[in-house]
2 protein chains.
Amino acid sequence: MRLEWLEDILAVAQTGSFSEAAERRHLTQSAFSRRIQNIEEQVGAELFDRSRKPVHLHDHVEAQRDQIAHVARLLRQLQADLRRGGRMAENKLILTSQHSLTTSLTPSIIREIGTRRRDIFIRLRSANLTDCFAQLLSRQAAILIVYRLPGQQHPILETYVESITLGSDRFIPVIAPDTPAARGAADALTDLPYVAYPADVFFGDVFERQILPKFRDPNSLAPKAETALTLASLEMAQMGVGVAWVPESLARPAILAGRLADLSDRLPHCALEVTGVRLVDDPTPVEAAVWEQLSAFRV
Amino acid sequence: MRLEWLEDILAVAQTGSFSEAAERRHLTQSAFSRRIQNIEEQVGAELFDRSRKPVHLHDHVEAQRDQIAHVARLLRQLQADLRRGGRMAENKLILTSQHSLTTSLTPSIIREIGTRRRDIFIRLRSANLTDCFAQLLSRQAAILIVYRLPGQQHPILETYVESITLGSDRFIPVIAPDTPAARGAADALTDLPYVAYPADVFFGDVFERQILPKFRDPNSLAPKAETALTLASLEMAQMGVGVAWVPESLARPAILAGRLADLSDRLPHCALEVTGVRLVDDPTPVEAAVWEQLSAFRV
DNA sequence: CCCCAACATGCAAATCATGCATATTGTATC
DNA sequence: GATACAATATGCATGATTTGCATGTTGGGG
């Protein structure tokens, strides 16, 4: 098994065609075709369904697609780590943040630490809340940056982790101005089209526990789409799908640019805390240093 | 990056020499030497220190050794999954158990399920308690089989997981008969030599909370060795290092064979529960079937 | 039923990996 | 330190693999 092969498979999965994948992989179509044959032979199974014309992945390969991408990432990371060698080995720290924070508040936090401690090398990962804690528990991450409802606990017994509040945010409803949905939202509060979150992700939970109860009639809401990613939700709001509840920090650029309107004066919203989390046992020197920097930090 | 390369690196790490590694990898020494050179070139860094004669890994490679082994496992697993193809795809389930259970009670549980539902394919992983829960949370495992102190909670908020008791076990002190340490244990209870667990593993916690308090004088215990693995602890006890506290199920074969003596009538011991754990959200059909089998099961 | 885009294959050139024989280099021993 | 020895590197010929180009084959839309 080779990283190359994984990348080949992913290229086909993404482009939906051997020829395009070949181009992306900087090979001729013929060479690529034979590479795929070789991969199938080495793996010992047919990976692609050629019976229909734009070839597509067999179901069982499609099912492994995330895993393939994941392992490919690990391999590239491993290679980078080996190449970088010992140069930064001791001062490396893995910080994982919730997807929605990765694109908004986390970068500034990391920039700040990077500015103050140039000798520390921070690797940022991104995951959903559950995976964040999984990474922390399995020590794949030293520190998490995640949202929490004020006054609530993290989904781990407090005896295992220690947390600090880094700042506050708000979970607010936004909508694209000048759309039918926006006018509807302005008028009556019936059948308000909105972008929902699945129940099993953090913001699905927040929505159900903090936002829904504040509606007099829960039926006045009409889910138009569902996504687990706040970024996708934000995007849908901008496309005019309906109202989306997202962290204010994430929506701010779009609001300032006029692409979204903040409806928190008319529709329910709630407060969010941005927190840093680490395991309670003895931290490495780098970890301690970063934690100290975080403690002095406020978003 | 290739699985082959990772295996080459690991072979060198394990054998401590290019020549031996070459043999293990079924290559001549010369070919292997050049493969290593090629790997280093491709990776873009020197991986081995040749300045001393049995070559050894550079520190930064040694530091990545676990990660290399981990990624290699993932790659092999991925290949196996792709090869097996869709054949068992639907009826596959990953079950992770605590190391100490993996070699004692878990196999019989899996055998039982395998007997009753021949169509279900169970993959067993093994990890320490923390990693078990990390795998569960990140959905790398569908079901866990882990120890728990009776009446205690799992280290995850109960709202996230559901658990059943599969049976009971005991955490008992054992010792190799006819050793100086054994005679010491029989006589006076002073400076009792024993095998300790680190504080941050499950049995370290159990020992500290359940066993230690039952000693009148905690100083009557003299730790002779420390290991995180119950199996290693068991082994040390058999070698005569001193008393080791281990799950009874794990020690039973050695006790029956006369290689170890059960001291639970004279020294503190405590009860353990063997539990099955899964996430509360909607299980797949296979998962539900296995859970049902488990519910009917008693060790 | 035909055509075209998508995929496969024959072939020769280039590249790469391997084994054998042999050179070089660390290290232990005297 | 000189010497012997074991570990690693290298020169070279050989065979396997990979690639591009040209061309063949096939599935699906019109």
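Everything numeric here is computed off the predicted structure, so don't read it as measured data. Basis for what follows: all heavy atoms, side chains included, without hydrogens, waters or symmetry-related copies. Residue numbers start from 1 in every chain, and the chains themselves are labelled A, B, ... in the order their sequence lines are given, proteins ahead of strands.
One interatomic measurement links the two molecules: CD of B:Q37 to P of D:dA7, which rounds to 18 Å at whole-angstrom precision. Following rounding to the nearest Å, A:H56 (NE2) and C:dC7 (P) show an atom-to-atom distance of 11 Å. Distance CG (B:D8) to C1' (C:dT18): 13 Å, rounded to an integer number of Å. To the nearest angstrom, C1' of D:dT25 lies 15 Å from CZ of A:F18. Spacing between atom CZ of B:F48 and atom C1' of D:dA9 amounts to 15 Å, rounded to whole angstrom units. With rounding to whole Å, A:R25 atom CZ is found 14 Å from D:dT18 atom P. Between the CD1 atom of B:I36 and the C1' atom of D:dA7 there is a distance of 14 Å, given to the nearest Å. Spacing between atom CD of B:E23 and atom P of C:dG19 amounts to 13 Å, rounded to whole angstrom units.
The only option from A:R50, A:R35, A:R34 that meets the salt bridge (charged side-chain N to carboxylate O under 4.0 Å, His left out) definition with A:E40 turns out to be A:R50. Shown are A:R24, A:R2, A:R76; of these, the side chain to side chain donor-acceptor pair (under 3.5 Å) with A:E7 is made only by A:R76.
For C:dA17, one of the phosphate oxygens OP1 or OP2 lies less than 4.0 angstrom from a side-chain nitrogen or oxygen of B:N38. Proximity of A:T28 to the phosphate of D:dC21: no side-chain N or O atom is located under 4.0 Å from OP1 or OP2. Using a 4.0 Å cut-off, some side-chain N or O of A:S33 falls inside it from OP1 or OP2 of C:dA8. Side-chain nitrogen and oxygen atoms of B:R50 include at least one within less than 4.0 Å of the OP1 or OP2 phosphate oxygen of D:dA9. An OP1 or OP2 oxygen of C:dA8 is reached within less than 4.0 angstrom by no side-chain nitrogen or oxygen of A:R34.
For the residue pair B:T102 and B:S97, a side-chain donor N or O sits within less than 3.5 Å of a side-chain acceptor on the partner.
Ranking D:dA22, D:dT8, D:dG28 by closeness to the A:S30 side chain, first place goes to D:dA22. Taking the side chain of B:R35 as heavy atoms from C-beta on, and the options D:dG28, D:dT19, C:dT18, the nearest nucleotide is C:dT18. Of the candidates C:dA6, C:dA8, C:dA21, the closest approach to any side-chain atom of A:S19 belongs to C:dA6.
Ion pairing between a basic and an acidic side chain is recognised when a charged N comes within 4.0 Å of a carboxylate O; A:D131 and A:R125 show no such pairing.
Between B:Q29 and A:A31, the residue anchored nearer the 5' end of DNA chain D, judged by the nucleotide with its closest heavy atom, is B:Q29.
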Apply side chain to side chain donor-acceptor pair (under 3.5 Å) to residues B:Q98 and B:S100 and explain how you reach the verdict. CA-CA 5 Å; B:Q98 223 170 340; B:S100 40; 4.7 Å; no
